[in-house]
Amino acid sequence: MSHFSIKKGKNLKIKGSVSYETVDLPLPKQVAVMPPNFKGLKSRLAVKVDDVVKVGSPVITDKSIEGLLVSSPVSGKVVAINRGAKRSLLEVVIETDNLQETISFLNSPSSDASSYSSDQIKKTMLESGLWAVLRQRPFSKIANPSDKPKSLFIHAMNTEPLAADIDYIMEDKDIEYQFGIDILKKLVGVNIHQCIDAQSKAKALKEAKNVETHTFSGPHPAGNIGTHIHCVDPIGKGDVVWFIEVQDVLRVAQLFQKGTYPVERTVAISGEGAKNRVYTKTIVGTPLSSLLQGSDLQNMRCISGSVLTGRNVGKNGYLGFYDSQVTIIPEGGSRKLLGWLVPGFNNYTFSRTYASAFTGKKDFSLDADKNGSDRAIVLNHLYDELNALDIMTYFLLKSVISEDIEESEKLGILECDEEDFALCTFACPSKIDVGGIIQSGLEIIEKEG
Amino acid sequence: MKWLADKSKQLEKLFEKGKPLEKFYPLFEALDTFLLTPGQTTKKAPHVRDSVDIKRVMIFVVVALIPCIIMGIYNTGRQILLAKGLPLECGAAMFEGALKVLPIIIVTYAVGGMWEGLFSTIRKHEINEGFLVTGILFALTLPPTTPLWQVAVGISFGVVIGKEIFGGTGFNVLNPALTARAFIFFAYPVQMSGDMVWVAVDGFSQATPLGIVATAERGTTAVAALQSAGFTLKDMFVGFIPGSIGETSTIACLLGLGFLLITGVASWRIIAGCFLGLGAMSFVFSLFKGPDSLVFFSLPAHWHMVMGGFAFGSIFMATDPVSSAATNPGRWIYGFLIGVLVVLIRMVNPAYPEGVMLAILFMNVFAPTIDHFVVETNVKRRMARATTAEIKS
């Protein structure tokens, strides 16, 4: 067990925190499986409109890696396949029949991890589609089953703005969680690193066995998986590290306890635009409209995930596969007179160029306004203060822009993901999409192998 | 604001693609976003953004320069009144000073702004607010007697050769304001140096403090030479000495520095490095002071700091984020070496008594090299870390 104190970074002071209350939601009328949730997935449809599916039926398979699939969280009928630009798959919408008929992936499920072999675990996870919860760095895509990872990380800490409190979610989950860990340990056979908040009191996390526990403290991005991997077991050239969200460890446990594809998920409803800011028990792929009943979503931005890394799914969108949070903020975008001149008591900034920096105000109403227009990079000293990784952000950025792959790799692009630079993008006065540029570099590297 | 926003939307149509005024869109954008915030929203994550933008940052630098501008105007007038033997009234000094300084500022902004507008129209990029800073910085580095046509030529060179041919803001190697200043310094030495240019009264000769120390006879000390010429430490700190418009007042520069540090706009590491470097190097030289050495060797560090353009240069010029080092250790080294070079050029270079401009330009050229070594250390450190972690596991 080791402790890492993260000095760089910052917590966003944003309105709309979630109260500790859990609401059980009924099964939604529709759910969606969304290929864009999975980075690098070359999706192929396994269903067509009007097909009948069960819980655990494959909906999408991967063209390049045999056996990878994403399955349906409900039983019912495929009602729509929505495509975007260049016919890319956006959503497969499934209407529920309320029966939740399941496919059984195990003949005799058992709560004893030693009764499963490594191969059996792999096969069951792949067949059921739950394999998709295992992701890898570099590239943050679904783990390749034929890879041998250096280690597996459990992402058991979250410092995203208004994030779900993992301690709260993991209350009374110790047995299930430990079983999930034991199964995963059997599967990978390498070190499992569990990275938790130094303040965490959750019994499930603190007393977990079969893992190496590491504690982290400090501002965001202290809770990012990228930060954890970077500090605990950094990736060199050719290395692959796997990671899994803490809630998904519970799903792994459920799969092997019951033998069916587990779909349950606790989601925090956050952001000032949401009326009832509570935790909800729901299923993956649920529509935001079912989570946000009673909220007026006119002129609101509906984000599956956090304001820093989530996806703008719109009020008719669905919860992302890996997300445990939705955030609703005002859309903003109104034009204000002489914005560069105002004292700005309500203008939130990391810099000290508005009066708000000196008033000690605790939470700000943030909307989706860009607060400026695109300019060339000028203030390059901000990035280093907000990036918890030992990466020279400005130089990495320049190497990606000039498409110098070799230099990018030397500067550590493979250790990074878009989300690790979200704060840099947030704070950049030139409104440079730092994370987006890094992501484009990663995509080029992945494509060229 | 709705009314104004609607009007702007109507007007914008004239500047859209395929419309007659398409080419002038950058000019429209500059004026439009000056009046109203752009009001664009994010398309993807991060969905929220910091309130600060380049416009605000650059305007804050200009605000930080206001004390220097006011002191520059006042001191220019004060030197005129002194030379003419008139009573030193504040209002009269401001008036006389404004008559000399404002035309220089106006010509700088008009001519430089014209180039900015031209290039952004041809290149189809937005007008960068950085020019607001470049323009005023350049004006403040000039002697108050500079002919206006030279001001125009200088800023043209600075904007076009110093910045635009490199690709515009963000890509320039040298600080454009200093490039402009250096250009006219070498192109028109008669109007830019010597004893005749610092006080805006025809035929009036007055050396700057640095000039006095540089030309003092051996055997005396620098401080004694300055005092016998009538320069006290206090005068130099406040800025009541002949020199370029904005550089003379150390206290005005420090006020600006305070503002920049409170608002977090400038890199304090560079400034601290400059002062450290200057202190260290003048200490080294002071070890060799004696009756046979150059008089300059005996000038203490704190006198160096209030003389010439050091405070102005290290606070406003060296900190230009584009042309300075872009790594934290690099910023220390870059600043420190500027301080060292300033003393070196001032003391052992017989040609120019002032070395700040050349020191900063020289280090601008070297900044990428410094950064290169810092980045290499980072690369090596991360590689070593990845392998030790491997061995452990």
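Please read all numbers here as calculations on a predicted model, not as lab measurements. So that the names make sense, note that chain A is the first sequence line, chain B the second, and so on, each numbered from 1.
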I'd like to check K10(A) versus L386(A) (side-chain heavy atoms, cut-off strictly below 4.5 Å). Are they in contact? yes
Cationic N near anionic O, under 4.0 Å, R382(B) to E415(A): yes
So do the side chains of T169(B) and V378(A) get within less than 4.5 Å of each other, counting heavy atoms only? yes
Heavy-atom proximity to chain A below 4.5 Å, by part of V52(B): both
With respect to chain B, which residue among P161(A), A422(A), G310(A) yields the maximal number of heavy-atom pairs within a distance under 4.5 Å? G310(A)
Measuring heavy-atom distances to chain A, does I59(B) have an atom under 4.5 Å in its side chain, in its backbone, in both, or in neither? side chain
When you check the gap from the basic side-chain N to the acidic O, do K55(B) and E129(B) get nearer than 4.0 Å? yes
Side chain / backbone / both / neither for S373(A) at chain B, heavy atoms under 4.5 Å: both
Less than 4.5 Å to any heavy atom of chain A: does that hold for the side chain of I127(B), its backbone, both, or neither? backbone
Check I161(B) against F166(B) and note the closest heavy-atom contact, atom names and distance. O-CE1, 3.4 Å
Using side-chain heavy atoms (C-beta onward) and a distance below 4.5 Å, is L337(A) in contact with L4(B)? yes
May I ask you to name which of G305(A), A376(A), S356(A), A368(A) has the most heavy-atom pairs under 4.5 Å with chain B? A368(A)
Between F60(B) and chain A, with a heavy-atom cut-off of 4.5 Å, which part of the residue counts as in contact: side chain, backbone, both or neither? side chain
Can you see which heavy atom on R137(A) is nearest to which on I229(A), and at what distance? CG-CD1, 3.7 Å
Checking Y354(A) against chain B: side chain, backbone, both or neither under 4.5 Å from a heavy atom? both
Under 4.5 Å, counting heavy-atom pairs only, tell me which of I329(A), V342(A), L12(A) racks up the most with chain B. V342(A)
Heavy-atom pairs under 4.5 Å with chain B are the metric here; pick the option from I14(A), V190(A), N312(A) that has the most. N312(A)
Interchain contact, F350(A) with chain B, by part (heavy-atom threshold 4.5 Å): both
Which answer fits N347(A), side chain, backbone, both or neither, if we ask what part of it has an atom under 4.5 Å from a heavy atom of chain B? both
May I ask you to establish whether R331(B) and F336(B) are in a cation-pi arrangement, using a distance under 6.0 Å from NZ or CZ to the six-membered ring centre and at most 45° from the ring axis? no
Measuring heavy-atom distances to chain B, does F358(A) have an atom under 4.5 Å in its side chain, in its backbone, in both, or in neither? side chain
For S151(A), which atoms come within 4.5 Å of any heavy atom of chain B: side chain, backbone, both, or neither? neither
Tell me, side chain or backbone of I303(A) under 4.5 Å from chain B's heavy atoms, or both, or neither? side chain
Within the supplied structure, the quantity of interest is the number of heavy atoms (other residues, nucleotides, ligands) at a distance under 6.0 Å from F366(B) CZ; does it exceed 12? no
Below 4.5 Å, heavy-atom pairs only: which of S334(A), G412(A), G332(A) has the largest tally toward chain B? G412(A)
Would you check if T309(A) and H47(B) make a side-chain contact, meaning some heavy-atom pair closer than 4.5 Å? no
For L260(B), is it the side chain, the backbone, both, or neither that has a heavy atom closer than 4.5 Å to a heavy atom of chain A? neither
Chain A contact via N172(B) - side chain, backbone, both or neither, heavy atoms under 4.5 Å: neither
So what's closer than 4.5 Å to chain B heavy atoms on L308(A): side chain, backbone, both or neither? both
Does the plane of the ring in F131(B) sit parallel, tilted or perpendicular to the ring in Y109(B)? Use 30° and 60° as the thresholds. perpendicular
So, for F364(A) and Y348(A), is the gap between ring centers shorter than 6.0 Å? yes
Which atoms of V63(B) come close to chain A, meaning under 4.5 Å heavy atom to heavy atom: side chain ones, backbone ones, both, or neither? neither
